[in-house]
Every structure is written in C-alpha cells, then in structure tokens.
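Given the structure is predicted, the values throughout are model-derived calculations rather than measurements. Proteins get letters first, then strands, A, B, ... in listed order; numbering begins at 1 in each. Any value given below was found using the heavy atoms of this structure, including those in side chains, with hydrogens, waters and symmetry copies removed.
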Protein chains: 2
Amino acid sequence: MNISTAAKTAGLPVKTVRYYADIGLVSAPSRSETGYRTYDGGAVRKLVFVRRAREFGFSIEECRELLSLYEDRNRSSADVKRIATRRLEDIAEKQRELKSLHDELAYLVDACKGDDRPDCPIIDGLGNRHAGG
Amino acid sequence: MNISTAAKTAGLPVKTVRYYADIGLVSAPSRSETGYRTYDGGAVRKLVFVRRAREFGFSIEECRELLSLYEDRNRSSADVKRIATRRLEDIAEKQRELKSLHDELAYLVDACKGDDRPDCPIIDGLGNRHAGG
DNA sequence: CATTGACTTTCCAGTTACTGGAAACCCTAG
DNA sequence: CTAGGGTTTCCAGTAACTGGAAAGTCAATG
C-alpha cells in the first residue's frame, strides 16, 4: 500500500510517517519502481505501536527503546516495565505540578471580582508570589 | 544593574532575559556607554511578572497580553479574569488527559509481571488498544 | 602597565516533534 | 490529452529557549 493508506490505517499524518523513517525511528520502507514508498502490514503495526506510545507521552527516544524491545523476541518484560514505570512517575509528577498550579491560579481567579475596575488580585498575584502557595 | 544581577534578582537565566527583549516581550533595556544592558527595579519587576506567568503555563503571547494589562492602569479586572479563566480551563483539561493516561498506563504496568520472560502486557497494550480504556 | 578571569556582546546553530509549502514527478479517470 | 489527485524531495518555520564561538569590557592583582 502507498503512504497515505498506511498513514490512514495507522492513524498518523502522512508527513509524520515520512518523518519517522527520516529520523530512523522506523526502518525506511521499500520503494516502487517510480520511487513511491510501499508499506505492508508489519510496517503499519509498528507505526500504530509508535502512535500509541506517543499518545502515552513517551518521547521519540523512548519510543526507539520500546520499539527495539517490541521487536526483540528475547527481551524480558522487566526491561519494558522499567521504562513504563519511569514514565508513570513522570506523569504523576506532572499531575502534582498541575494541581498546585491549578489551585494557585483558581485561588487568584476566585479572588478577582472581574468587574470594570482595575483592582485585580490575579495581576497582583503574578507580580508577587502570594504567601502559603 | 547589569544583566546577570537583573537575571538573578528576577529568577531567570541571562539568556532568557536577553531573549525576552529580542522578541519584544519586554522593552529593550538602556545601554551603558560600552553597550552593556542596564536594568532598574521596574524592568526587573516586569521580568518577575513574566517568569511567574510562564510558571503558570501562560504562553509568551499570553504573557504579552497580560503584561499590557499589567502596565495599563485603566484596564478592568474582567479582562484579566477572562484570560486567567481560559488558562484555568486548559489546566483542568490537561489534568483530565493526564489522569486517563496515568490510569491506562498504570493498568498495563500492574498487569506486567516484570520478570525475565518476554510476555509483556505493556508491549501488547501499546500494539493494540485495550478494551474499556 | 600588563595580565588574568569573570562578565558581556552579537550571532548562529541546535533542541523536540513535527507541520507547511514549493516545485516537480506520477497515476488514474474521462 | 487533460485534470485532479497523490507522491517525491527539500527547505523553512513552529515554541521557547539553550549552547557555544569570537570578541570586547571590567575590576583586581602584580
């Protein structure tokens, strides 16, 4: 199949599919006589794998690592779990950050009357860190 | 004061302080006879304001907007509240996404034995979307 | 006065993960 | 044969910096 069919099947933009081969994340596809890229089921499955991993927030480098584990019939599940667990910690950390951010900003928004006068705790709160963050 | 003192006081890297003037986010500082940038308290306060806003996840363009409100003695607090509320919704949305991501990945990690055998629900789960995600 | 080392300047390149667009080639339907 | 897609390559741009080179400046020392 041609690139647009492969891309559609994998749920990725055509540009992205080309890009993933350019950076060597997936292997370069074979070409037709006229130079068109041609894809088979296996190539598409790898693209799906990458798309899913990216949706999980794995970086391209992590995808590279996961993909080599995906392709390695002899790797241990512990190797995979290690990477996934690290990623899980990243997510939890990000969640904590977002929560404190949300709470602090919500506090400021709540304190702001939102009327046509210039007094605004949000602006004030951005200018000087408020106590008890 | 020179740029490194200003940067330290504002809690920003020197490079970033220069960058913010380059892109016109803050006005270009005055220069000494030999071309060194010189900062006063007002300039530093604006840098602090930008740093805080960035920490809150406001984009540079939003910072530009907020900064003009910060500098405008006649703007209404409603204008500020509008921007901050939009940002608050972004954060809430991001939190929801992170939660579903976390739950799904945690489910996979939990299902993986993490031993030296190749069976791995994480890899399998990345290859094919699991039901009831 | 010379030197040393820290600080500053400008400018260019690189980062992440793509995305947009131009110019040219290919393919299929009518 | 033409029209309209799809495809190719390559270059540039995004967001928000960050790193580094080469050259000028400053303050303290000998």
Could you state the atom-to-atom distance from [atom1] of [X] to [atom2] of [N] in whole Å?
X       : N      : atom1 : atom2 : value
B/Asn2  : D/dA27 : CG    : C1'   : 12 Å
B/Glu62 : D/dA15 : CD    : C1'   : 13 Å
B/Glu55 : D/dC17 : CD    : P     : 11 Å
A/Ile3  : C/dC26 : CD1   : C1'   : 15 Å

Note, B/Glu65 side chain near B/Ile83 side chain (heavy atom, < 4.5 Å):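 Result yes, sub-4.5 Å side-chain heavy-atom pair found.
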Could you go through residues 4-32 of chain A and list every donor-acceptor pair under 3.5 Å that involves a side-chain atom there, pairing it with any protein atom two or more places apart or in another chain?
residue : atom : partner : partner atom : Å
A/Thr9  : OG1  : A/Thr5  : O            : 2.7
A/Ser30 : OG   : A/Thr38 : OG1          : 2.8
A/Arg31 : NH1  : A/Gly35 : O            : 2.9
A/Ser32 : OG   : A/Thr34 : N            : 3.3
A/Ser32 : OG   : A/Thr34 : OG1          : 3.2
A/Ser32 : OG   : A/Gly35 : N            : 3.4
A/Ser32 : OG   : A/Tyr36 : N            : 3.0

Set of residues satisfying side chain to side chain contact (heavy atoms under 4.5 Å, CB included) with respect to B/Phe49, sequence neighbours excluded: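 B/Phe49 satisfies side chain to side chain contact (heavy atoms under 4.5 Å, CB included) with A/Ile123, A/Leu126, B/Leu66, B/Leu67, B/Tyr70 once adjacent residues are dropped.
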Residue B/Ile60, side-chain atoms from C-beta onward, closest of D/dA16, D/dT7, C/dA17: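 The closest nucleotide is D/dA16.
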Proximity to the side chain of A/Arg54 - top-ranked nucleotide from C/dC18, D/dA16, C/dC7: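 Given the options C/dC18, D/dA16, C/dC7, the side chain of A/Arg54 is closest to C/dC18.
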Residues from residues 13-36 of chain A lying under 4.0 Å of DNA chain C - heavy atoms: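 Listed by number, they are A/Pro13, A/Lys15, A/Thr16, A/Tyr19, A/Tyr20, A/Thr34, A/Tyr36.
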Carboxylate-amine/guanidinium contact A/Glu89 A/Arg86, below 4.0 Å: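 Result for this pair is no, no salt bridge flagged.
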Any A/Arg37 side-chain N or O less than 4.0 Å from OP1/OP2 of D/dT7: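 For D/dT7, OP1/OP2 do not have a side-chain N/O of A/Arg37 under 4.0 Å.
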Passing candidate, side chain to side chain contact (heavy atoms under 4.5 Å, CB included) with A/Arg82, options A/Val80, A/Asp79, A/Thr85: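 By the side chain to side chain contact (heavy atoms under 4.5 Å, CB included) criterion, A/Arg82 pairs with just one of A/Val80, A/Asp79, A/Thr85: A/Asp79.
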Closest-nucleotide ordering on DNA chain C, the 5'-leading residue of B/Thr5 and A/Phe58: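 Looking at DNA chain C, the more 5' nearest nucleotide goes with B/Thr5.
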Evaluation steps, side chain to side chain donor-acceptor pair (under 3.5 Å), between B/Asp115 and A/Ser77: CA-CA 6 Å; B/Asp115 56 21; A/Ser77 63; 3.1 Å; yes
DNA chain D: 5'-proximal contact among A/Thr38 and B/Glu61 (nearest heavy atom):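 The residue closer to the strand's 5' end, by nearest nucleotide, is A/Thr38.
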